[in-house]
Amino acid sequence: MSTLNAISNLLVEEKPLFGMSLDQLTDLMERLAQKPYRAAQLHDALYRQRITSLDQVTTLPQNLRDTLADEGYTIGLPEVVQTARSIDGTERYLIRMADGETVETVWMPDGDGGERGDGSQAAEEEEKEEKEEKKEQENNSVAAEQNPPAFPYRRSTICVSSQVGCAVNCQFCLTAKLGIRRNLTAGEIAGQVAAVLNRHRVELGSSRGNPTPARINLVFMGMGEPFLNYANFIAAVRLLTQMPIPESRMTVSTSGILPGILDFAKETVRPKLAVSLNASNDQVRESIMPITRKWNIAALLEALATIPLRNREWITFEYVLLGGINDSLQHADELIALVSGMRCKINLIVWNSGPNMPFHEPPQSAVSAFQKRIMAAGIPAYIRRPRGRDIYAACGQLKRTVEQPPELVELTPA
Ligand code: SAH
Ligand code: SF4
């Protein structure tokens, strides 16, 4: 590249290609007087091959790559800038966007097969398959030793952020303390997944001639409220299905944003839904989730009833157990009355602590009594195993921990 070109590049605004849909890429190629199949080639390189620089798109002629670069186009994948690793194998990444804003993304290899750790429904359905597979693997253990698999886990779940910070202000959640800084774009949401998959050299799908495609589940349960960034969230889902990660392996969690739920009900391609209920009546919910004043529990349940559930699909209600606040058996009975008759299950999450927060973890005995009461009413209830608590990667602890005192986490350069 000439010096003049290099200087003019500095003046051209960077435009990320990662995040553009096939239609948008087709428009771009048309503007550059290229054939439409060039858009399909670029789309494949971005989402299926997950290339990281324009030079790697070898299906495009050099002069087209140069034109794109001269116009300021870059791949524009967000970058993993810090990592922390938990004793349970969970990894938390600080991921930086082009403007310097950062979010956290979490990698959770292997569920535990008993208590559900990753919050996704896909994980639970897989449990059965896994038992079968384990038997088979035991039979083939000698062959497995000779050919170690490319993806050394049974599955892995990526917890994805949808906003920088969050506006919802739930009192028990550390992300809320950040306030909302901005929405993430579709490319930045899907880009977290691409960056993490690249880091672990994960091969998806069988289209690369890969005999053991990795099982990746996604949970949109990181920083932010996906349904307050609805258009970008759902556009990201569409991009992610191209990688390919099927939407049946994705679960999105909302604090109960009604307009988002009503839009979601109309989608043909959509993840499964989890709803952070967290209380059994409006009074308690208002005190811990002020959003209840805008949309109360009755309105929330009414909106959920508009979602046409698919075969073997249910709605997950998340219920963060806060000692002395929402964890009594009376609360459990109220919860049963609220959801009975719905095709749903309850995920109980023991509150993960954060500094200067006026809550405490309920005793183990209260947690299991609460679970038993719900199960006795015929409603499935699971206690979610916290993942990565020691590195502040568990639910509600994502706070861009770069701001935490260093002794809390072990941070290593990416
Ligand atoms: N904003 C979305 C998704 C991210 S939060 C939502 O609220 O649903 C994912 C889950 O973590 C939610 O169910 C939330 O209630 C829960 N959570 C938040 N803070 C927590 C904490 N400190 N301990 C345990 N769970 C928490
Ligand atoms: Fe936002 Fe979810 Fe945290 Fe509530 S629990 S503040 S909605 S991230």
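Just follow the structure's listing: the first ligand is 1, and inside any ligand the first atom is 1. Since we're looking at a predicted model, the values are computed, not measured. Throughout, numbering of the chain's residues begins at 1 and tracks the sequence.
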For Trp351 and Phe172, run ring pair (Phe, Tyr, Trp, His ring centres under 6.0 Å): C-alpha distance rounded to whole Å, both residues' side-chain angles, the deciding distance at 0.1 Å, then the answer. CA-CA 8 Å; Trp351 181 65; Phe172 47 81; 8.4 Å; no

Specify the protein heavy atom at minimum distance from [atom]: its residue, its atom name, and the distance to 0.1 Å.
atom: atom 21 (C) of ligand 1; value: Cys395 O, 3.2 Å
atom: atom 23 (N) of ligand 1; value: Asn352 N, 2.8 Å
atom: atom 3 (C) of ligand 1; value: Ser253 O, 3.5 Å
atom: atom 1 (N) of ligand 1; value: Gly224 O, 2.9 Å
atom: atom 16 (C) of ligand 1; value: Val320 CG2, 3.8 Å
atom: atom 9 (C) of ligand 1; value: Met221 O, 3.7 Å
atom: atom 6 (C) of ligand 1; value: Ser276 OG, 3.4 Å
atom: atom 19 (N) of ligand 1; value: Gly396 CA, 3.0 Å

Is any N, O or S atom of Cys170 under 2.8 Å away from atom 1 (Fe) of ligand 2?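 False for Cys170.
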
Give the atoms of ligand 2, by number and element, whose distance to some non-hydrogen atom of Cys166 is under 4.0 Å. 1 (Fe), 6 (S), 7 (S), 8 (S)

Run the contact test for Gly222 against ligand 1 with a 4.0 Å cut-off on heavy atoms, strictly below, and give the result. yes

Got more than 12 heavy atoms from elsewhere within 6.0 Å of CD, Gln24? yes

Interfacing atoms of ligand 1 (cut-off 4.0 Å, heavy-atom, Ile349): 24 (C), 25 (N)

Looking at non-hydrogen atoms alone, which of Cys173, Cys395, Pro290, Pro226 comes nearest to atom 3 (Fe) of ligand 2?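 The residue whose heavy atom sits nearest atom 3 (Fe) of ligand 2 is Cys173.
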
